Undergrad: 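Pasting in a structure now, in structure tokens, and then I'll have a few things to ask.
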Amino acid sequence: MTTLVNSVSPLKNPCSESPRKACGFFSHVPNIHSFSLNSGFTRVLASTQITISPKDSVLTLPNWKSGKKFSRSWEVRLNDAFFDMEFLVNKGRKPDVTQATQLLYDLCKACKLKKAIRVMEMMVSSGIIPDAASYTFLVNHLCKKGNIGYAMQLVDKMGEYGYPTNTVTYNSLVRGLCMHGNLNQSLQFLDRLVRKGLVPNEFTYSFLLEAAYKERGANEAMKLLDEIIAKGGRPNLVSYNVLLTGLCKEGRTKEAIRFFRSLPSKGFSANVVSYNILLRSLCYEGRWDEANELLAEMDGDDRSPSMVTYNILISSLALHGRIDHALGVLDEMMRGHFKPTAASYNPIIARLCKEGKVDLVVKCLDLMIYRRCGPNEGTYNAIALLCEGGKVQEAFSIIQSLGNKQNCSTHDFYKGVITGLCKKGNTYAAFQLLYEMTKSGFTPDSYTYSSLIRGLCIEGMLDEAMEIFTVMEEHEYRPDVDNFNALILGFCKSQRTDLSFEVFEMMLEKGYMPNETTYTIIVEGLAHEDELELAAEVLKQLHLLEVLSQNTFERLVMQYDLEDILV
């Protein structure tokens, strides 16, 4: 540690504040049936008789586990294994428990959640009871991806048929809601779970406290902690670290230091996480002497410097332009017990790109790859900073060189880069690089266009997101339903559900047929704007018109607690 010493476009024509009506929406809703993600659970679990195939009919799936994970070839083999399992189960064969469970895990890790749910359906239909670990793993991944309703429905359905549900599973739901919902909804949902048997623990409290400081500020989070303790809750150090994070996020470093020093009086000793939280604030504020004093204290078993500690030092030094010092910490890291990851190199690359030092960027990337550290989305976002200095062709040349070293097709690589930039709200650079990519033969597909739409919406550039459709049509590319859904979702996430209705009408005028996802996004958008009565009205009408399946209807009612409103 000795090295340490040394544009948002405004929205035109905003809507009026008059109450929103849903009647115009219903007049355009076609009478169609749509696919429901969880339809298989009702079909499978509703049966009290499960036919178990003979022992000698247990199927063995082709091996998908060899080779580099998440490479193109690995994903192809993973999909093949899934389709083989589906085909053979439909023929009455019983899957091998170990293989089926591993397939479920790998599909989750590859973000193929619909297929993962289908694997669990097939296990249940074959008479296999998924273990608590795989069941909770699937619920957790659904929640992380924002599919809270599906996770809730899965827990509810599995509970009805005697499948185990424990506090860990319930905590996944609470965490998911806190990440993607709002605090009031999370607290109401917690009450419902407590009635179902959840015993809140320190992790439950931590999720709620994190949601509280993000939504209402650190002071309100502290009040919530006082209420939890008054009701008999027993938060642990994790909860206090959450509050420490809240103070630091608000730039209240002096208060955070006092809070940090008061931990022993609350019955806790600071751990490495506590130190890292405070260290990050001190370093980013350039308070190196105080940071050094804190580092000198990090000598115990549970507060020894971690990988995160080194990455904090590297990123803060790079932020302040102290590249040589950052590289020194990186070398010290290599001499120790830690192997640097892309997250260790990316801040250095980002600073060099910001300064336009292309040769040094190339050298740093070469060193990174020489040390067997592959680039990630953060690396491409760092390289994209060259575009800010007008070095678009240089940025593209570097990305093209990295693409040649990846084990995937050029098309998939370019698509992944554009998507990664858009996810981080780096959409302007994405458009600049996309232009260079198209000159090299890359043709954007529906997924790429949807990524651009979502990226523009993230940055609040709603008019520009709408203009994507004009650009697509000018280039003789016919948008699809997924593109419209991306725009509707973007408007809803920007709390402009009123505009999503306009997009819906435009969609119909152009002859596109909405699907169940379209309707679900609109209902969820209204619910997230606390327009629960309107959301319930729209949901009820959609259900009556049979454009939402019973499963989706029940999922939305459960997720947003609309049962009483629908009565």
Side-chain angles (χ1 to χ4, degrees), residues 7-15 20-22 24-30 32 34-35 145-147 149 180 415 418-431 434 443-529 531 534-535 538-539 542 547-548 552 556:
S7 73
V8 176
S9 175
L11 184 69
K12 302 170 187 174
N13 304 320
C15 70
R20 284 177 269 183
K21 301 293 181 184
F25 173 73
F26 298 128
S27 64
H28 296 293
V29 177
I32 58 171
S34 298
F35 172 75
K145 291 298 179 182
N147 298 313
H180 302 282
K415 183 169 74 172
I418 296 299
T419 301
L421 294 176
C422 292
K423 279 181 184 176
K424 296 295 184 182
N426 208 352
T427 317
Y428 183 62
F431 275 101
L434 180 61
T443 302
D445 57 12
S446 171
Y447 187 84
T448 311
Y449 282 119
S450 291
S451 295
L452 293 167
I453 290 167
R454 284 191 291 267
L456 289 168
C457 289
I458 287 171
E459 296 190 58
M461 301 171 72
L462 305 184
D463 289 342
E464 288 79 357
M466 185 79 83
E467 287 175 15
I468 287 282
F469 288 88
T470 305
V471 173
M472 292 167 76
E473 289 169 350
E474 284 176 355
H475 289 81
E476 299 181 350
Y477 185 94
R478 179 174 166 81
D480 59 21
V481 176
D482 289 339
N483 299 141
F484 281 101
N485 285 347
L487 186 58
I488 291 171
L489 178 61
F491 283 167
C492 287
K493 286 191 172 183
S494 300
Q495 296 193 315
R496 294 302 306 270
T497 311
D498 53 311
L499 292 179
S500 71
F501 281 100
E502 292 181 19
V503 176
F504 178 83
E505 291 182 3
M506 179 182 77
M507 182 178 179
L508 291 164
E509 287 168 4
K510 290 180 176 290
Y512 293 89
M513 183 67 73
N515 59 18
E516 188 171 61
T517 301
T518 316
Y519 303 125
T520 302
I521 291 168
I522 291 174
V523 172
E524 291 184 332
L526 290 168
H528 278 289
E529 288 191 52
E531 297 273 8
L534 184 55
V538 171
L539 181 60
L542 290 172
V547 295
L548 286 183
T552 300
L556 292 169

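FYI, the numbering just counts along the sequence from 1. It should be emphasised that the depicted structure is a prediction, and the values quoted were computed from it without experimental measurement.
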Undergrad: Locate the shortest heavy-atom distance separating P479 from E473; write the atom from each residue and the value.
TA: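 That closest heavy-atom pairing would be CD-CG, 4.2 Å.
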Undergrad: For residues N485 and N515, determine if any side-chain heavy atom of one lies less than 4.5 Å from a side-chain heavy atom of the other.
TA: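 SC-SC contact between N485 and N515 confirmed.
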Undergrad: Test E531 against every option in V538, D498, L526 by the side chain to side chain contact (heavy atoms under 4.5 Å, CB included) rule and name the one that passes.
TA: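 Option passing the side chain to side chain contact (heavy atoms under 4.5 Å, CB included) with E531: L526.
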Undergrad: Would you confirm whether Y477, through its side chain, and V471, through its main-chain N or O, come within 3.5 Å as a donor-acceptor pair?
TA: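 Here the side-chain-to-backbone pair does not exist.
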Undergrad: Can you tell me how far the OH atom of Y519 sits from the CG atom of L548, to the nearest 0.5 Å?
TA: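 Going from the OH atom of Y519 to the CG atom of L548 covers 8.0 Å.
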Undergrad: Decide yes or no for I521 and S500: does some side-chain heavy atom of the first lie under 4.5 Å from some side-chain heavy atom of the second?
TA: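 When only atoms from C-beta onward are counted, S500 and I521 do not touch, as no gap falls below 4.5 Å.
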Undergrad: Go through the steps to decide whether F491 and F501 satisfy the test side chain to side chain contact (heavy atoms under 4.5 Å, CB included), and finish with yes or no.
TA: CA-CA 10 Å; F491 283 167; F501 281 100; over 6 Å; no
Undergrad: Who pairs with F431 by side chain to side chain contact (heavy atoms under 4.5 Å, CB included), at least two apart in sequence or on another chain?
TA: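 Once residues adjacent in sequence are excluded, the partners of F431 under the side chain to side chain contact (heavy atoms under 4.5 Å, CB included) criterion are T427, L452, L456, I468.
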Undergrad: What is the minimum heavy-atom distance between P444 and L434, and which atoms define it?
TA: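 Between these two residues, the closest heavy atoms are CG-CD1, 4.0 Å.
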Undergrad: So, does D482 use its side chain to make a donor-acceptor pair with the main chain of Y447 at under 3.5 Å?
TA: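 Not at all, since once roles are kept as given, no pair shorter than 3.5 Å links the two residues.
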Undergrad: L462 and S494: which non-hydrogen atoms are nearest, and at how many Å?
TA: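 Result for this residue pair: CD2-OG, 3.6 Å.
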Undergrad: Going through the checks in order, is the side chain to side chain contact (heavy atoms under 4.5 Å, CB included) test met by M466 and V503?
TA: CA-CA 9 Å; M466 185 79 83; V503 176; 3.9 Å; yes
Undergrad: Let me see the working for K510 and F484 under side chain to side chain contact (heavy atoms under 4.5 Å, CB included), right down to the final yes or no.
TA: CA-CA 11 Å; K510 290 180 176 290; F484 281 101; 4.1 Å; yes
Undergrad: How about Y428: does its OH atom have over 12 heavy atoms from other parts shown lying under 6.0 Å from it?
TA: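 No.
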Undergrad: So do V523 and T520 actually touch side chain to side chain, heavy atoms under 4.5 Å?
TA: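 No, too far: nothing below the 4.5 Å cut-off.
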Undergrad: Calculate, to the nearest 0.5 Å, the distance between atoms CD1 and CD1 belonging to I522 and I488 respectively.
TA: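 With rounding to 0.5 Å, CD1 (I522) is 5.0 Å from CD1 (I488).
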Undergrad: Considering non-hydrogen atoms only, spot the tightest contact between T419 and S451 and give its length.
TA: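 Scanning both residues completely, I find the closest heavy atoms to be OG1-OG, 3.2 Å.
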Undergrad: Search all heavy atoms of P514 against all heavy atoms of F504 and return the closest pair with its distance.
TA: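 Nearest pair, atom of P514 first, then F504: CG-CE1, 3.5 Å.
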Undergrad: Passes side chain to side chain donor-acceptor pair (under 3.5 Å), D480 versus S446? Steps please.
TA: CA-CA 7 Å; D480 59 21; S446 171; 2.6 Å; yes
Undergrad: Are any of the side-chain heavy atoms of E529 and L534 separated by less than 4.5 Å?
TA: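 No, every pair of side-chain atoms sits at 4.5 Å or beyond.
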Undergrad: Take V481 and M513, measure what side chain to side chain contact (heavy atoms under 4.5 Å, CB included) needs, and give me the verdict at the end.
TA: CA-CA 7 Å; V481 176; M513 183 67 73; 5.6 Å; no
Undergrad: Should C457 and L487 count as side-chain neighbours, where that means a heavy-atom distance under 4.5 Å?
TA: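 Counting from C-beta outward, C457 and L487 do come under 4.5 Å.
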